[in-house]
Enquirer: 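Structure below; questions to follow.
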Amino acid sequence: MNETIYQPYLETSVYTYPGAYKEYLASLPDNIPSLGMLVCDQLTHPTLLYTPPSPYLENTYFGKFASYPKERFKDEDELFVTAAAMAAEIFRLDERGFVTGKDVTKRITVSCRHASVLFSAILKAKGIPCRSRAGFVDFGNDGDCYIEHWVNEYWSFTDNRWVLVDVDGYYEYERRFGYSQFDLPRRKFLTASEVWLRLRDNTLTPKIVLYSTEQDILEGVCGYLFMDFHALMNNEIFYSHQPKYLRHRFHLLNREELTELDQLALLMQNPDTVIHRKQELIKSHEHFFILTNSNMNELSDYYEINNP
């Protein structure tokens with residue numbers, strides 16, 4: 001039974017396929033906390049380059065942020081969408097590859113979705129089932145506020161369970177709260193489906209924070225609902241990838257369509273079953289799988305207008 005649960009997450013996607021780096025990734029540390037800290041040491045979150053730097057972060061993790069080359073993008077998410085692309089750039093910046101103690105000039109500048117994809121790719125290369133999850137994390141540890149975030153779940157053969165891991169950390173590895181960010185308590189992470197359902201029935205207590213302030217909160221959570229849905233399908237879509245039928249019309253969804261999303265969220269409350277219903281869902285809900293992205297919007301509009 002357990003093998004049925006985790007077996008699909010040994011497979012790779014277009015995003016987690018390691019390509020020529022498979023052997024190298026498999027050679028990285030087997031100890032999860034050591035591996036997680038090593039992955040943290042390869043990354044800088046883009047937000048750190050747009051806010052006044054903390055002396056603590058500069059002295060402890062990154063070195064001087066002022067040394068970051070001005071000609072480099074401060075957000076490289078769109079450059080390195082796949083694990084193979086991230087690995088290639090990590091080696092380009094530092095031919096030693098994955099090593100500790102890198103300063104900001106030798107790190108790739110990517111956000112939590114990319115950290116999650118990279119970690120999934122590494123564990124899969126090692127033969128450890130792993131899946132990315134998109135939802136909301138309580139960084140403050142008080143349960144009052146949850147911020148949009150991607151994490152990982154890997155299957156522990158020792159404990160016979162999914163272990164919740166956050167490799168987009170460098171927040172003291174969560175030791176200040178009495179646990180490791182590489183085995184987080186479940187209360188730290190609200191799944192997108194849980195937040196969606198609690199918003200819909202008006203039972204959500206904590207504040208939900210989205211980086212984009214232009215979106216309605218329910219629309220933003222819907223975006224995460226589909227990112228998590230596809231991640232559970234072993235398809236870790238990019239932030240701008242969403243079902244085409246929702247593009248520019250979330251506010252026009254009728255009661256039947258909103259109820260359909262409620263049903264999807266209910267299905268995702270039992271995440272281990274989702275991937276096993278993929279073919280059934282493609283047949284019954286094809287529109288969940290036909291994706292577009294913001295970069296294609298103008299082109300799509302052009303063809304729809306000129307080819308009615």
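What you see below is based on every heavy atom in this structure, not just the backbone, and it leaves out hydrogens, waters and symmetry mates.
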Enquirer: Check this for me: does any side-chain nitrogen of one of D41 and R107 sit under 4.0 Å from a carboxylate oxygen of the other?
Expert: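 Salt bridge: yes.
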
Enquirer: Mind running side-chain contact (heavy atoms from CB on, under 4.5 Å) on W196 and L264 for me, showing each step along the way?
Expert: CA-CA 10 Å; W196 171 270; L264 173 64; over 6 Å; no

Enquirer: Looking at Y24, I'd like to know if its OH atom is crowded, meaning that more than 12 non-hydrogen atoms belonging to other residues, nucleotides or ligands lie closer than 6.0 Å.
Expert: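 Counting neighbours around OH of Y24, more than 12 heavy atoms of other residues, nucleotides or ligands fall under 6.0 Å, so yes.
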
Enquirer: For T292 versus K244, what's the shortest heavy-atom pair and its separation?
Expert: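 Shortest heavy-atom separation between T292 and K244 comes out as CG2-CA, 3.8 Å.
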
Enquirer: So L49 and F65, side-chain contact (heavy atoms from CB on, under 4.5 Å) or not? Walk me through it.
Expert: CA-CA 7 Å; L49 296 174; F65 284 89; 3.5 Å; yes

Enquirer: Ignoring hydrogens and geometry, is there a side-chain-to-backbone donor-acceptor pair from D168 to W150 under 3.5 Å?
Expert: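 Not confirmed, D168 side chain does not pair with W150 backbone.
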
Enquirer: Drop me the distance from D216's CG to C222's SG, to the nearest 0.5 angstrom.
Expert: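 Nearest 0.5 Å value for the CG-SG distance: 10.5 Å.
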
Enquirer: Verify the cluster assignment for M227 and L267: are they in a single hydrophobic cluster under the rule of side-chain heavy atoms below 4.5 Å apart?
Expert: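 Per the 4.5 Å side-chain linkage, M227 and L267 are co-clustered.
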
Enquirer: Can V195 and Y146 be said to form a side-chain contact (heavy atoms from CB on, under 4.5 Å), step by step?
Expert: CA-CA 10 Å; V195 172; Y146 286 76; over 6 Å; no

Enquirer: With heavy-atom distances below 4.5 Å as the criterion, would you say the side chains of F62 and L48 are in contact?
Expert: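 Result yes, sub-4.5 Å side-chain heavy-atom pair found.
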
Enquirer: Salt bridge between D30 and K126, side-chain N to carboxylate O under 4.0 Å?
Expert: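 Result for this pair is yes, salt bridge flagged.
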
Enquirer: For K188 and V137, indicate whether the former's side chain and the latter's backbone hold a donor-acceptor pair under 3.5 Å.
Expert: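 No, the answer is negative, given that no donor and acceptor are paired below the 3.5 Å cut-off.
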
Enquirer: Applying side chain to side chain donor-acceptor pair (under 3.5 Å) to T191 and S193, what does each step give before you reach the verdict?
Expert: CA-CA 5 Å; T191 64; S193 58; 3.2 Å; yes

Enquirer: What I'd like to find out is whether the side chain of H287 reaches to under 4.5 Å of the side chain of E257, using heavy atoms alone.
Expert: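 The answer is no; the side chains never approach within 4.5 Å.
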
Enquirer: When you group the ILVMFWY residues by side-chain heavy-atom contacts below 4.5 Å and let the links chain together, are F119 and V163 in the same group?
Expert: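 Yes, V163 connects to F119 through the hydrophobic network.
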
Enquirer: Working note: F289 + F229, criterion ring pair (Phe, Tyr, Trp, His ring centres under 6.0 Å); need CA distance, chi angles, decisive distance, verdict.
Expert: CA-CA 10 Å; F289 297 86; F229 173 64; 5.6 Å; yes

Enquirer: Return the orientation label for the Y6 and W155 ring planes: parallel under 30°, perpendicular over 60°, tilted otherwise.
Expert: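 The rings of Y6 and W155 sit tilted, inter-plane angle from 30° to 60°.
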
Enquirer: Rounded to the nearest 0.5 Å, what's the gap from CD1 on I275 to NZ on K278? Could you check?
Expert: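 One gets 6.5 Å once the value is rounded to the nearest 0.5 Å.
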
Enquirer: State, to 0.1 Å, how close T273 and N270 come at their nearest heavy-atom pair, and which atoms those are.
Expert: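 In terms of heavy atoms, the two residues are closest at OG1-O, 2.9 Å.
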
Enquirer: Is it true that a side-chain atom of T16 and a backbone atom of T12 form a donor plus acceptor pair closer than 3.5 Å?
Expert: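 Answer holds: no.
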
Enquirer: Using 0.5 Å steps for rounding, measure from the CD1 atom of I5 to the CZ atom of R161.
Expert: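 Between atom CD1 of I5 and atom CZ of R161 there are 14.0 Å.
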
Enquirer: Quick one: are F98 and I122 in side-chain contact, heavy atoms under 4.5 Å?
Expert: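 F98 vs I122: side chains touch.
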
Enquirer: Okay, side chain of E76, backbone of I108: is any donor-acceptor separation there less than 3.5 Å?
Expert: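 Between the backbone of I108 and the side chain of E76 there is no qualifying donor-acceptor contact (under 3.5 Å).
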
Enquirer: In terms of relative ring orientation, are H241 and Y15 parallel, tilted or perpendicular, with 30° and 60° separating the classes?
Expert: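 Ring orientation of H241 relative to Y15: tilted.
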
Enquirer: Do F177 and I147 sit in the same hydrophobic cluster, where Ile, Leu, Val, Met, Phe, Trp and Tyr count as joined when their side-chain heavy atoms come under 4.5 Å apart?
Expert: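 Shared cluster, yes.
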
Enquirer: Taking the basic N atoms (NZ, or NE/NH1/NH2) and the acidic carboxylate oxygens, is any pair closer than 4.0 Å for D262 and R200?
Expert: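 A salt bridge links D262 with R200.
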
Enquirer: Going by heavy atoms in the side chains, are I32 and D183 under 4.5 Å from each other?
Expert: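 A side-chain contact under 4.5 Å is absent here.
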
Enquirer: How about CD on Q269, more than 12 heavy atoms from neighbouring residues, nucleotides or ligands closer than 6.0 Å, or not?
Expert: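 Atom CD in Q269 is packed in, count exceeds 12.
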
Enquirer: Test side-chain contact (heavy atoms from CB on, under 4.5 Å) on L197 and T203; report intermediate values, then the result.
Expert: CA-CA 8 Å; L197 291 170; T203 61; over 6 Å; no

Enquirer: For the pair S111 and Y211, evaluate side chain to side chain donor-acceptor pair (under 3.5 Å) and give the outcome as yes or no after the intermediate values.
Expert: CA-CA 12 Å; S111 56; Y211 287 115; over 6 Å; no

Enquirer: Is T100 close to L38 at the side-chain level, that is, under 4.5 Å between some pair of heavy atoms?
Expert: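 Result yes, sub-4.5 Å side-chain heavy-atom pair found.
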
Enquirer: When you measure from the side chain of K64 to the backbone N and O of E58, does any donor-acceptor pair fall under 3.5 Å?
Expert: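 No; judged by distance alone, with no hydrogens or angles, the pair does not exist.
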
Enquirer: Count I, L, V, M, F, W, Y as connected when their side-chain heavy atoms are under 4.5 Å apart, and connections chain through other members. Are L10 and V14 then in the same cluster?
Expert: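 Each belongs to a different hydrophobic cluster.
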
Enquirer: Test side chain to side chain donor-acceptor pair (under 3.5 Å) on S120 and N152 and set out the steps.
Expert: CA-CA 7 Å; S120 286; N152 293 88; 2.9 Å; yes

Enquirer: So, Y9 side chain and E153 main chain: donor-acceptor pair closer than 3.5 Å or not?
Expert: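 Side chain of Y9 to backbone of E153: no pair is present.
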
Enquirer: How are the rings of F238 and H114 set to each other: parallel, tilted or perpendicular (split at 30° and 60°)?
Expert: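 If you compare the ring of F238 with that of H114, the planes turn out perpendicular.
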
Enquirer: Less than 4.5 Å apart, any side-chain heavy atom of M233 and any of L281?
Expert: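 Touching, per the 4.5 Å side-chain cut-off.
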
Enquirer: Cation-pi between K74 and Y68: NZ/CZ under 6.0 Å from ring centre and within 45° of the ring axis?
Expert: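 No, a cation-pi geometry is absent between K74 and Y68.
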
Enquirer: Contact between V110 and E89 at the side-chain level, heavy atoms closer than 4.5 Å - yes or no?
Expert: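 They are not in side-chain contact.
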
Enquirer: Please check this pair: side chain of Y224 against backbone of F136, looking for a donor-acceptor N/O pair closer than 3.5 Å.
Expert: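 Such a contact is absent between Y224 side chain and F136 backbone.
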
Enquirer: Side chains of E78 and S240, heavy atoms from C-beta outward: is any pair under 4.5 Å?
Expert: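 The answer is no, as the side chains (C-beta and beyond) never meet within the 4.5 Å cut-off.
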
Enquirer: Looking at OG of S132 and CG of D228, how far apart are the two atoms once the value is rounded to the nearest 0.5 Å?
Expert: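 It is 9.5 Å, given to the nearest 0.5 Å.
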
Enquirer: Are I282 and I290 grouped together when hydrophobic residues (ILVMFWY) are joined by side-chain heavy atoms under 4.5 angstrom apart?
Expert: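 Different hydrophobic clusters.
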
Enquirer: Do the rings of F288 and F226 sit parallel, tilted or perpendicular, given the 30° and 60° boundaries?
Expert: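 The rings of F288 and F226 stand perpendicular, inter-plane angle above 60°.
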
Enquirer: When rounded to the nearest 0.5 angstrom, what distance separates CG in L123 from CG in L118?
Expert: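 Going from the CG atom of L123 to the CG atom of L118 covers 10.0 Å.
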
Enquirer: Please report the shortest heavy-atom distance between A125 and L25, naming the atom on each side.
Expert: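 In terms of heavy atoms, the two residues are closest at CB-CB, 4.1 Å.
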
Enquirer: Which atoms form the tightest heavy-atom contact between Y61 and Y56, and what is the distance?
Expert: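 Taking every non-hydrogen atom into account, CE1-CE2, 4.0 Å.
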
Enquirer: Closest approach of V274 and M268, non-hydrogen atoms and distance?
Expert: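 Heavy atoms of V274 and M268 come nearest at CG2-CA, 4.0 Å.
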
Enquirer: Would one find more than 12 heavy atoms of other residues, nucleotides or ligands at under 6.0 Å from atom CZ of F157?
Expert: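 Yes, because the 6.0 Å sphere around CZ of F157 holds more than 12 heavy atoms from other groups.
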
Enquirer: Rounded to the nearest 0.5 Å, how far does CG of D144 lie from CG of D138?
Expert: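 Answer rounded to 0.5 Å: 7.5 Å.
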
Enquirer: I'd like to know if the side chain of T44 and the backbone of T109 have a donor-acceptor N/O pair within less than 3.5 Å.
Expert: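 Not at all, since once roles are kept as given, no pair shorter than 3.5 Å links the two residues.
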
Enquirer: Count the heavy atoms belonging to other residues, nucleotides or ligands that lie under 6.0 Å from CZ of R249, then report whether that count exceeds 12.
Expert: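 Yes, enclosed.
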
Enquirer: Got a donor-acceptor contact below 3.5 angstrom from the N235 side chain to the H230 backbone?
Expert: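 A pair under 3.5 Å: no.
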
Enquirer: Indicate the atoms forming the closest heavy-atom contact of K102 with G97, along with that distance.
Expert: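 Smallest heavy-atom distance, with atoms named: NZ-O, 2.7 Å.
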
Enquirer: Ignoring hydrogens and angles, tell me if any N or O in the side chain of R133 forms a donor-acceptor pair with the backbone of L164 under 3.5 Å.
Expert: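 Judged by distance alone, no pair lies under 3.5 Å.
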
